[in-house]
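Here the structure is laid out as structure tokens; the discussion comes afterwards.
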Amino acid sequence: MSSIAIDPPDHPIDHPHGPKPGLLRWVFTTNHKDIGTLYLWLSLTMFIVGGSMAMCIRAELFKPGLAFFEPGFFNELTTLHGLIMIFGAVMPGFVGLANWMIPMMIGAPDMALPRMNNWSFWLLPFAFTLLISTLFINGPAPDFGWTAYAPLSTIYGPKSTDFFIFSVHLMGLSSIMGAINIIATILNLRAPGLTLMKMPIFVWTWLITAFLLIAVMPVLAGAVTMMLMDRHFDTSFFNAAGGGDPVMYQHIFWFFGHPEVYIMILPSFGIMSEIIPTFSRKKLFGYTSMVYATSSIALLSFLVWAHHMFTTGLPVIGEIYFMLATMLIAVPTGVKIFNWVATMFRGALSFETPMLFATAFLIMFTIGGFSGLMLAMVPADYQYHDTYFVVAHFHYVLVPGAVFGIIAAVYYWLPKWTGHYYSETLGKIHFWLSAVSINVLFFPMHFLGLAGMPRRIPDYALEFADFNKIASVGGFVFGCAQILFLLIVIRTIRGGPKAPAAVWEGAHGLEWTLPSPPPYHSFTTPPKVY
Amino acid sequence: MSPAPQWRGLLLALLLVNNTPAWADYVLNMTRGVTEISRGVHHLHMLIFWICVVIGAAVFSVMFYAIIRHRKSCGRTAAHFHENTVVEMIWTVIPFTILILMAIPAAELLIKMHDYTDSDLSIKVTGHQWYWEYEYMGEGITIVSRLATPQDQIQNRAVKGPHYLREVDNPLIVPEKKKIRFLTTSSDVIHSWWVPALGFKRDAIPGFINEAWARIDDIGTLRGQCAELCGALHGFMPIVVEVKTEAEFATWLAAQKAALNTPATGSTP
């Protein structure tokens with residue numbers, strides 16, 4: 001079944017197969033490696049843009065009193081920070097990794113739908129230009145939070161809300177096409193002999209993520225389209241005065257939004273399942289249970305959306321159901337954590353930079369998981385909801401979770417992509433700066449939330465001053481540390497010690513059989529997997 | 001039970017540089033609050049917190065044991081095991097059981113929180129951009145409650161008062177030891193009415209009415225603020241609740257009614 005799209009090995013190749021010269025190479029490319037590179041640079045750019053906004057937010061919150069921004073502009077910053085980090089940094093980062101690695105990991109010559117791949121990418125720069133342009137046009141930029149709750153985003157939304165809506169449409173289109181491409185590639189282009197249950201876990205997690213994307217991105221598109229209709233065509237989907245319901249927006253949004261958080265973490269789980277066995281020099285513990293755990297997390301993610309809405313006045317029986325379903329997710333997630341720890345246990349561990357980031361992921365993602373479990377307890381959630389406790393929770397799962405996952409993957413595969421080892425010393429400095437500062441940044445936010453500081457406020461009562469100051473200092477250090485990451489990546493692209501085909505001693509898999517850097521077209525003849 | 005002293009010590013040890021004299025004021029943990037329910041919430045919070053601490057300690061100690069002892073640089077070679085059905089069953093079933101057990105007290109408390117019957121007093125709380133309005137149902141009394149912090153303090157032109165951003169012109173006045181039902185709604189966007197000491201927050205949604213209740217133990221002043229992003233001045237719509245004795249409350253209510261019945265242009269008696 002897996003050999004339909006593969007050329008016969010004796011197919012004569014008589015035209016040159018290198019990249020086109022000049023900048024147009026990047027515009028017209030259909031090569032999975034080029035497109036992967038484009039996605040990753042977009043991701044890094046957006047990470048820096050969204051990060052700069054976070055720095056502005058932390059500067060404003062450094063001490064009580066309004067220091068730099070008007071409250072309205074502060075809301076624009078938090079909104080754009082959220083949107084850019086989620087849709088611009090994390091999601092394209094993972095798609096970039098998928099583009100680069102999935103064909104090489106399954107022995108395919110390219111993605112199944114290369115032209116669509118080009119379009120999926122090139123929609124994004126336009127989507128983000130549209131979104132960020134709202135900062136430079138008359139009137140406020142979107143200022144209702146990335147969640148865009150109605151009616152704040154409909155009747156009360158600024159004019160730029162329409163830019164937000166179309167930008168989200170474009171991002172959704174891009175994600176859906178990217179997901180279709182990934183599914184088509186994985187299901188059709190695997191090397192002969194590479195059965196589903198032999199696939200690397202990274203490929204598995206991406207396959208499942210892609211199904212999540214196809215399922216929920218249209219839901220988001222529906223939500224923002226209804227928003228558009230309410231704003232311009234006199235419908236009342238979310239307007240109580242016209243017979244609609246503002247809470248219905250939240251139901252639709254979180255039906256997208258909860259699977260979305262797994263879209264942002266499952267590929268990271270896959271990356272951990274590659275890196276931890278490599279540097280433990282030991283096979284991944286519980287491969288089968290990893291696959292089943294990932295699938296059950298994905299399925300459950302469709303059934304828990306209203307745990308984001310416990311304070312909206314759901315019926316008590318509904319709240320009990322959503323509490324139970326949410327707590328259930330902790331079981332497969334726990335299985336994954338235990339499996340990784342069991343993989344490390346009695347291995348022969350070494351701590352190169354990717355493994356350091358993976359270890360930090362394991363610890364801090366678990367902490368984020370614990371606060372998630374606490375948030376599932378409805379009566380306690382009445383206190384935690386919409387406070388900095390929630391901010392701490394989702395930053396713990398998204399920054400040391402998703403972002404550290406991407407960074408670990410870049411360190412892990414950068415020698416493969418460029419043919420050069422990065423500087424281990426600089427990588428370790430980057431790691432320690434990031435790992436320490438991120439805890440200084442986000443851990444105090446737990447205290448702030450428990451003490452009663454709501455999220456999304458530009459100014460606060462005096463009892464919150466100390467921890468805000470600490471968090472801001474951590475934020476500035478974390479921000480600066482990422483400049484170092486950019487320098488390390490550029491330095492490695494330009495040169496460095498030559499990397500062999502098998503970059504890491506303990507690495508297994510098809511991608512490590514290709515030279516570093518791999519040829520522009522790899523696996524034109526499918527490898528045999530036994 | 002409370003972990004606060006240990007945390008405090010640890011944090012103070014970690015924070016080498018600190019030039020603010022305000023350390024005495026900081027808060028690390030959720031308030032116990034002033035109602036039976038809020039104490040229940042605090043108890044539940046601490047329970048799940050300690051469960052997480054115990055599980056975390058177990059997982060992290062195995063992990064750090066491996067990190068320290070099972071290093072290649074210590075001359076270790078990797079073992080070959082990569083599955084064990086019994087172990088995998090155990091670490092699926094045990095968390096499952098813990099979670100189900102946790103859900104029981106949570107559901108019990110939740111059901112208690114949602115029992116709105118036999119209330120002594122109903123107060124309708126309406127969120128506006130950007131202030132709160134309180135209506136004593138059936139009494140004809142309405143209070144409009146706005147931020148009282150002067151702009152000079154917000155713009156850093158004056159020294160900030162002790163209740164900076166958590167002070168209002170007209171606080172909500174309620175009696176102690178009475179079951180007060182709060183009905184929340186909004187006139188524009190979604191707000192969320194939150195006084196941490198009462199143990200709940202409830203969204204104020206335009207076109208809909210949400211319920212919550214509290215029976216406050218003792219007199220005092222409680223402070224909170226809007227918790228749902230509601231526009232530019234979301235951070236500037238605080239809540240202050242003055243809890244009075246029953247007699248004081250009755251006197252206050254009567255005075256309000258009398259003031260209402262006195263024509264605004266009329267002469268003072």
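Lettering follows sequence order; numbering is per chain, from 1. Note that the structure is a prediction, hence the values are computed from the model and not measured.
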Heavy-atom distance under 4.5 Å to chain B: side chain of [X], backbone, both or neither?
X	value
A:L314	backbone
A:P140	neither
A:T387	side chain
A:A461	both
A:V341	side chain
A:I317	neither
A:F345	both
A:F464	side chain
A:F338	both
A:D245	both

Report yes or no: does [X] contribute a side-chain atom to a donor-acceptor pair with the main-chain N or O of [Y] at less than 3.5 Å?
X	Y	result
B:K72	A:L349	no
B:K160	A:L462	no
B:N29	A:L450	no
B:E228	A:D386	no

[X] versus chain A, the contacting section by heavy-atom distance below 4.5 Å:
X	answer
B:I55	both
B:L110	both
B:C74	neither
B:I205	side chain

To the nearest 0.5 angstrom, please state how far the [atom1] atom of [X] sits from the [atom2] atom of [Y].
X	Y	atom1	atom2	result
B:L165	A:D459	CG	CG	4.5 Å
B:F96	A:L328	CZ	CG	5.5 Å
A:D381	B:L44	CG	CG	11.0 Å

Would you say the side chain of [Y] lies within less than 4.5 Å of the side chain of [X], judging by non-hydrogen atoms?
X	Y	value
B:H82	A:L284	no
A:F370	B:V53	no
B:K201	A:H385	yes
B:R71	A:F351	yes
A:P151	B:I190	yes
B:L28	A:F467	yes
B:W91	A:V335	yes
B:L229	A:Y149	no

* Residue by residue, which of residues 69-76 of chain A have a heavy atom closer than 4.5 Å to a heavy atom belonging to chain B? -> A:P71, A:G72, A:N75
* Report the C-alpha distance between A:V331 and B:T92 in whole Å, list the side-chain angles of each, state the deciding distance to 0.1 Å, and finish with yes or no for side-chain contact (heavy atoms from CB on, under 4.5 Å). => CA-CA 6 Å; A:V331 176; B:T92 309; 3.6 Å; yes
* ring-ring contact (aromatic ring centres under 6.0 Å, His included) against A:Y382, all qualifying residues, sequence neighbours excluded -> none
For the candidates [options], which exhibits the highest count of non-hydrogen atom pairs separated by less than 4.5 Å from chain B?
options	answer
A:A348, A:A293, A:G347, A:S153	A:A348
A:T147, A:L448, A:N339, A:V316	A:V316
A:M374, A:M344, A:H446	A:M374
A:R455, A:K63, A:K283	A:K283
A:F389, A:Y384, A:Y460	A:Y384

For the candidates [options], which exhibits the highest count of non-hydrogen atom pairs separated by less than 4.5 Å from chain A?
options	answer
B:G33, B:A204, B:C226, B:A107	B:A107
B:Q129, B:H234, B:R223, B:H114	B:H114
B:P238, B:G231, B:S73	B:G231
B:E88, B:H163, B:H80, B:Q155	B:E88
B:Q153, B:E211, B:M102, B:K112	B:M102
B:A79, B:G235, B:C230, B:G161	B:A79

Shortest non-hydrogen separation from [X] to [Y] and the atoms involved:
X	Y	result
B:P206	A:A240	O-CB, 3.4 Å
A:G452	B:P196	CA-CG, 4.5 Å
A:G313	B:N210	CA-OD1, 3.3 Å
A:A380	B:M30	O-CE, 4.3 Å
A:P379	B:L109	CB-CD2, 3.6 Å
A:P64	B:Y164	CB-CE2, 4.0 Å

* Mind checking what makes salt bridge (Lys or Arg N to Asp or Glu O under 4.0 Å) contact with A:R281, not counting sequence neighbours? -> A:E505
* Walk me through it: do B:D188 and A:Y156 pass the test side-chain contact (heavy atoms from CB on, under 4.5 Å)? => CA-CA 8 Å; B:D188 37 52; A:Y156 294 84; 3.0 Å; yes
* Under the 6.0 Å and 45° cation-pi test, does A:K282 pair with B:F81? -> yes
* Residues, nucleotides or ligands: over 12 heavy atoms within 6.0 Å of A:R346 CZ -> no
* Enclosure of B:E36 CD (heavy-atom neighbours >12, cutoff 6.0 Å) -> no
* Asked: Which is it for A:L373 and B:L99 under the side-chain contact (heavy atoms from CB on, under 4.5 Å) test, yes or no, and what are the steps along the way?
  -> CA-CA 9 Å; A:L373 196 57; B:L99 292 174; 3.5 Å; yes
Which donor-acceptor pairs under 3.5 Å do side chains of residues 57-68 of chain B form with protein atoms, sequence neighbours excluded?
unit_1, atom_1, unit_2, atom_2, d
B:S61, OG, B:A57, O, 2.6
B:S61, OG, B:A58, O, 3.0

* **B:D203-A:T312 side chain donor-acceptor pair, cut-off 3.5 Å** => no
